[in-house]
Structure formats: C-alpha cells, structure tokens
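Report on the following structure.
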Amino acid sequence: MEATVLKKRKTTISKGIIKKTIKNVICKPDTLYWPTLSEKEEKELEAMLIKYRIDIPHFKKLHWNELKNIPKNQRPKPPSVKKAEGFIFGISECSSLLENNQVAALILEAAINPRTIAQTLLRVCDKNQVPVSDCDHQP
C-alpha cells in the first residue's frame with residue numbers, strides 16, 4: 001500500500017495572487033536650513049538671558065493608586081512656574097504667535113529630536129522673515 005500525498009488547498013484569503021499597489025508618499029524635496037550660533041554668539045545670548053533664568057521646582061507626581069484615595073481638593077498640585085515677560089515657551093504658543101507676526105526672533109534648542117517637530121516653525125519664520133538660531137545648550 002502506498003502513502004498518498006494530500007493536495008494543498010489554497011486558502012480563500014490569499015488565492016495565490018500577489019496584489020501590487022502604488023502608495024503615495026508626501027515629502028519635502030529640499031533640505032531644511034537649520035542655523036546654528038557661533039560660540040561667541042552663544043555666550044552673548046547666554047549673558048543676555050541669564051537675568052531671565054527660570055527655576056522650575058521639582059514636583060513628583062503621585063501614582064494613581066495613592067492619588068485616588070485623596071479628595072480632589074486636597075491633592076498635591078504642581079507649583080506654578082514664573083514666566084519671563086516677553087518670552088514664549090512651547091511649540092503651539094510659538095506657532096500661533098508666528099502666524100500673527102508677533103514674534104521678533106526664534107531660538108531653538110539644538111537637541112530637538114526628531115527635528116521634524118520644529119520644521120513648521122522654521123517654515124513660518126522663513127515666510128515671515130523672522131530670524132532663527134539654534135542654541136546648543138550644555139548644562
């Protein structure tokens with residue numbers, strides 16, 4: 001008696017046909033200029049901004065298991081951070097003021113990762129002719 005090999009049945013999902021598709025990819029073909037400060041400019045900027053230094057107090061957020069047992073009005077809140085007059089922090093605040101031409105200059109942290117986060121800001125600065133510089137801050 002001979003053993004017979006069972007024929008493989010094709011599944012109904014693949015049916016053995018390779019489906020080829022074309023995907024659209026949107027990208028910016030030209031490179032984005034990312035200006036940087038020289039050492040001298042960076043030291044001058046640091047000297048000017050030292051009087052506007054903001055100290056952010058340390059705040060440790062409690063885990064939800066501990067927090068849920070405390071009534072809402074008694075839960076610890078993070079301390080407020082004093083803002084320096086004339087300075088804007090954050091991408092959304094900067095972008096809204098850039099759109100309205102209310103920004104004199106933009107300083108970006110060099111360690112932004114990924115840099116695509118700030119690309120929209122750079123484009124608006126270029127369009128509105130707002131000076132931009134990259135500050136490589138090392139504590």
Side-chain angles (χ1 to χ4, degrees):
M1 191 167 196
E2 283 184 39
T4 59
V5 178
L6 294 175
K7 224 178 180 186
K8 279 190 176 178
R9 292 191 332 167
K10 290 183 182 176
T11 60
T12 57
I13 296 172
S14 69
K15 295 187 182 179
I17 300 171
I18 298 173
K19 188 176 181 180
K20 293 182 181 181
T21 58
I22 297 174
K23 294 184 179 181
N24 294 327
V25 178
I26 299 173
C27 65
K28 188 175 182 207
D30 51 323
T31 57
L32 193 61
Y33 175 64
W34 195 272
T36 57
L37 292 175
S38 67
E39 279 187 45
K40 181 185 172 196
E41 291 170 328
E42 189 174 336
K43 286 180 183 177
E44 287 176 9
L45 179 64
E46 191 174 336
M48 285 187 284
L49 294 177
I50 201 79
K51 68 178 182 179
Y52 297 105
R53 183 179 208 116
I54 297 172
D55 292 320
I56 301 173
H58 179 71
F59 176 74
K60 186 174 184 228
K61 190 174 179 181
L62 296 175
H63 191 272
W64 176 244
N65 290 338
E66 300 168 29
L67 202 58
K68 67 182 176 183
N69 298 328
I70 303 171
K72 276 190 177 181
N73 58 354
Q74 295 177 1
R75 290 180 185 170
K77 294 183 177 109
S80 61
V81 177
K82 184 183 110 187
K83 291 188 179 180
E85 187 178 326
F87 287 92
I88 307 151
F89 295 95
I91 291 177
S92 58
E93 281 188 59
C94 286
S95 62
S96 64
L97 291 173
L98 273 169
E99 290 290 335
N100 298 325
N101 276 337
Q102 295 179 336
V103 176
L106 180 69
I107 302 171
L108 292 171
E109 174 66 37
I112 294 175
N113 192 8
R115 286 190 172 201
T116 54
I117 293 171
Q119 279 185 344
T120 55
L121 294 178
L122 292 172
R123 282 191 206 110
V124 175
C125 285
D126 188 42
K127 184 179 99 179
N128 295 345
Q129 297 177 346
V130 174
V132 180
S133 67
D134 181 330
C135 183
D136 187 13
H137 179 273
Q138 295 177 359

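Here the NZ-CZ distance, from Lys61 to Arg75, works out to 10.5 Å after rounding to the nearest 0.5 Å. Summarising the geometry, atom CG belonging to Leu98 is positioned 11.5 Å from atom CD belonging to Glu93; distances are rounded to the nearest 0.5 Å.
Not counting sequence neighbours, the partners of Asn128 by the side chain to side chain donor-acceptor pair (under 3.5 Å) test are Asn101. With sequence neighbours left out, Phe87 forms a ring-ring contact (aromatic ring centres under 6.0 Å, His included) with Tyr52. For Ser92, there are no side chain to side chain donor-acceptor pair (under 3.5 Å) partners, not counting sequence neighbours. Checked against side chain to side chain donor-acceptor pair (under 3.5 Å), Glu44 has no partners two or more places apart in sequence or in another chain.
By the 4.5 Å heavy-atom criterion applied to side chains, Ser95 and Thr120 are not counted as neighbours.
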Report all side-chain donor-acceptor pairs from residues 66-73 shorter than 3.5 Å, counting only partners two or more places apart or in another chain.
from  : atom 1 : to    : atom 2 : distance (Å)
Asn69 : ND2    : Asn65 : O      : 3.3

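Hydrophobic cluster membership for Ile50: none, as no Ile, Leu, Val, Met, Phe, Trp or Tyr side chain comes under 4.5 Å of it.
Among the candidates Asp126, Ile91, Val130, Val103, the single residue satisfying the side chain to side chain contact (heavy atoms under 4.5 Å, CB included) test with Leu121 is Ile91.
Of all heavy-atom pairs between Ala104 and Pro131, the closest is O-CD, 3.2 Å.
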